[in-house]
Protein chains: 2
Amino acid sequence: MVRPDRKRPVTSVDVAAAAGVSQATVARCFTTPEVVAPDTRLKIEAAADRLGYVPNAIARSLKSQRTNIVGAVVPALGEYWQNVVTYFSRRLTARGRQLLLFSFLDHAEVNETLEAVMQYRLDGLILASANIAEAQLARMRQTGLSLVAFNHPDAAGIVPSVTVDNEAGASELARHLAGLGCTRVLYLGGVAAASTDRARFRGAARTLASTGATCNYMEAGAFTYDAGYRAADTVVNLDRLPDAIMVGSDEVAFGMLDGLRRRGLTAPADVLVTGFDGLPQASWAGYDLTTLVQPADQLAEHAVELASGDGSDSSDAPPPSVVVAGTLRRGLTTRKGDAGRARPGSYSRRNCGTEPSAGR
Amino acid sequence: MVRPDRKRPVTSVDVAAAAGVSQATVARCFTTPEVVAPDTRLKIEAAADRLGYVPNAIARSLKSQRTNIVGAVVPALGEYWQNVVTYFSRRLTARGRQLLLFSFLDHAEVNETLEAVMQYRLDGLILASANIAEAQLARMRQTGLSLVAFNHPDAAGIVPSVTVDNEAGASELARHLAGLGCTRVLYLGGVAAASTDRARFRGAARTLASTGATCNYMEAGAFTYDAGYRAADTVVNLDRLPDAIMVGSDEVAFGMLDGLRRRGLTAPADVLVTGFDGLPQASWAGYDLTTLVQPADQLAEHAVELASGDGSDSSDAPPPSVVVAGTLRRGLTTRKGDAGRARPGSYSRRNCGTEPSAGR
DNA sequence: CGATCCTATGTATACGTATTCATCGTTGCA
DNA sequence: TGCAACGATGAATACGTATACATAGGATCG
């Protein structure tokens, strides 16, 4: 390798000098190769290779006003979000974009850090479950940034939005339960204030009501395993156990299943249990949960497409609002037939001879 | 708000004009506020506020040759890595840095995408479990980039490295098992070629040998739940069951536990089981796994510190190699006392009256 | 009271690239 | 052969900021 002085990084000017052409031609060679003559192109590529030239994306961004970077603001905790982030990353690199990630614990951090993020002139920004002040939203859009709200139905209409069809999904789960003869259902939400939670409950309650079943609401307090685990105690102490518990998220459902088990109850023998999200762990044999699988790859793809700002930015059109349908996963936790197989008094799992579906 | 023409973003020049000062003073006001007179500062801040000025980090980076961005290259799959990413993110924003994330499925993608990432002139780059060609490593360091290998012991000595003490951790688990009277132990690794896997087996084998116990090696084939689940079949078909199974990672261990359970075996009654990593799910009541908890926050903090390149870059010193000790988590899966409580033939989980430790 | 130092600010330039405009040689066609 | 059109390249400039240097006051001290 040639020693590029080790201090001064090699620039397009250096390459130009080495190849005996002008800097402009070198630049063209890396952005629009088709307009430069084949032999000059070879000379330039050879020189660039020899010097170890790497184009400077910072300078390019400054000139072209496009960074090719898309940001994502995502809750730090929760299996669901950790899962989604990797989809974002993969989709973006497939499009030649980079992902600038910011995960937050507390909503208060968001507005603060958003200021710092804005300095980087991102092409797009995906806001996942983040409550941003509307004033700030407006300011951000003025900069030409492509905002996308991800699984945050509240924002639909204000900002382009991508979300799973929560209401229809919950409705499908409810229909599934109704078909199994459930008439008394308990809906265990995570946080009642969350718009996704409300939409899911709405879908469940509406559908169950149409079948004559009841659907009470209960709040776990958080979208976490522990919240579900604790909620199980409350459920067990009810006057009468419901036929089924619809849990608002898989992670909470896992806690519920384990909490019930600790009290000697098991699904589906004593009560049916469903989740929502379709986490990889739902397919694990230890839970084998009936749930609504979010098509995470499709959701991410749509979000990334909107955030990449490739589309015509005719700012008069109403913000597009993509809603994708999920798919039902039938797991052991609602398999009525198996309830008989388990011997009463022995809530053993060894009897469930089901293979886990390949955990992705 | 003033209408900034909606097309031309407002720059420091605009603010300077509005405040009646020069552009240089505006710049100083945002980088070294202490050198500008208090009253001029107020004037500038007022003008900036009024115009909605946001400093342009791209231009700043071009001039100052520092982007304040740190990259991370991380495997896309696996609960462990998804967990680690959020720690990176949080630590970096705490230091005023941004995280550019790239998650890969296949090692082949890495070298390809790394070229694109290099164009962004990152301040540092954290390589997690990524096999990079040494030639490329050398080229990258020449650019002044602060490289850090994360949990990739192979790289220690070549590149600054941060890793948990795999050997000592496995040794501690082994001591724990030996103390419980185990003499025939099976070590179930993920991928034998992985350096972390080898280090863990080494620690386990060494310590067990010193107590007179045997320690055979077996390979699951991948660091996944399914691999562990399938390996359980092989284990069950052994001539004689080992006293304990040391699994090389928590995720594989979860699969093993569920796989054993399907065959009517349970931990700790029939065989003891340990994991490695300390995932949040290890604390879930459904598994309650004995494992070695990696101090993810400390590891991330060290990696971030090295990657931020704050330290003196006297390139002659040997690359620092940080090794952090993990801590043992004693779970139900090695609680010998409970083995008696479970009625033989009924591998029920309802009897484990343990509270899950708060899942963080 | 003049020389000196310090503080606050203005002027000018560089960071590395993309792109517009001009230039020059070549080809095609009449 | 002459002129237009074209293809390839060079020269020049702008993107928005940080900073070295210069400068103008004011304070300090002898």
Side-chain angles (χ1 to χ4, degrees), chain A residues 4-5 7-45 47-48 51-68 116 118-123 143-144, chain B residues 4-5 7-45 47-48 51-68 116 118-123 143-144:
Chain A
D5 206 346
K7 273 307 134 202
R8 246 233 339 248
V10 9
T11 75
S12 61
V13 178
D14 301 324
V15 176
V21 298
S22 75
Q23 180 268 333
T25 306
V26 175
R28 278 189 276 260
C29 193
F30 282 86
T31 53
T32 49
E34 60 275 11
V35 305
V36 44
D39 49 343
T40 14
R41 178 155 37 157
L42 286 179
K43 273 195 308 184
I44 293 176
E45 281 167 354
L51 297 179
Y53 169 67
V54 176
N56 188 325
I58 300 297
R60 191 213 322 276
S61 298
L62 181 59
K63 181 67 183 144
S64 66
Q65 308 284 55
R66 302 194 75 248
T67 56
N68 268 2
M118 286 302 297
Q119 300 190 358
Y120 283 87
R121 300 297 193 268
L122 308 177
D123 290 349
T143 70
Chain B
D5 206 344
K7 275 305 135 201
R8 245 232 340 249
V10 6
T11 75
S12 61
V13 178
D14 300 326
V15 176
V21 298
S22 75
Q23 179 268 333
T25 306
V26 175
R28 280 189 275 259
C29 194
F30 281 86
T31 53
T32 49
E34 61 275 11
V35 305
V36 44
D39 48 345
T40 10
R41 177 155 39 158
L42 286 179
K43 271 195 309 186
I44 293 175
E45 281 168 353
L51 297 179
Y53 169 67
V54 176
N56 187 326
I58 299 296
R60 188 207 334 268
S61 298
L62 181 59
K63 181 67 185 145
S64 66
Q65 308 285 56
R66 304 193 73 248
T67 55
N68 268 2
M118 286 302 298
Q119 300 188 184
Y120 283 89
R121 300 296 193 267
L122 308 177
D123 290 349
T143 70

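Labels below follow one simple rule: chain letters A, B, ... track the order of the sequence lines, proteins then strands, and each chain is numbered from 1.
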Quick one: closest heavy-atom pair of [X] and [Y], and the distance?
{"X": "A:D123", "Y": "A:N68", "result": "OD2-N, 2.7 Å"}
{"X": "A:P33", "Y": "A:C29", "result": "CG-O, 3.6 Å"}
{"X": "B:V36", "Y": "B:R41", "result": "CG2-N, 4.1 Å"}

Please report the interatomic distance [atom1]([X]) to [atom2]([Y]), rounded to the nearest 0.5 Å.
{"X": "A:Q65", "Y": "B:N56", "atom1": "CD", "atom2": "CG", "value": "7.5 Å"}
{"X": "A:S22", "Y": "A:R28", "atom1": "OG", "atom2": "CZ", "value": "6.0 Å"}
{"X": "A:D14", "Y": "A:Y53", "atom1": "CG", "atom2": "OH", "value": "9.5 Å"}

Open item on the list: With the threshold set at under 4.0 Å for non-hydrogen atoms, list the residues of residues 28-45 of chain A touching DNA chain C in residue-number order.
Closed with: A:R28, A:T31
Open item on the list: Determine whether A:T40 and A:K43 satisfy the following criterion, side chain to side chain contact (heavy atoms under 4.5 Å, CB included), listing intermediate values before the conclusion.
Closed with: CA-CA 5 Å; A:T40 14; A:K43 273 195 308 184; 4.0 Å; yes
Open item on the list: Measure CD1/B:I58 against C1'/D:dA18 and give the value in whole Å, please.
Closed with: 15 Å
Task: B:T25 side chain near C:dG10 phosphate (N/O to OP1/OP2, under 4.0 Å) - done: yes
- [ ] Look at all strands and tell whether A:V26 reaches a base, only sugar-phosphate, or nothing, counting heavy atoms closer than 4.0 Å.
- [x] nothing
Open item on the list: Taking B:A27's backbone N and O only, do any of them form a donor-acceptor pair with B:S12's side chain (distance below 3.5 Å, no angle check)?
Closed with: no
Could you run down the sub-3.5 Å N/O contacts of the protein with nucleotides 13-16 of chain C?
from	atom 1	to	atom 2	distance (Å)
C:dA14	N3	B:K63	NZ	3.2

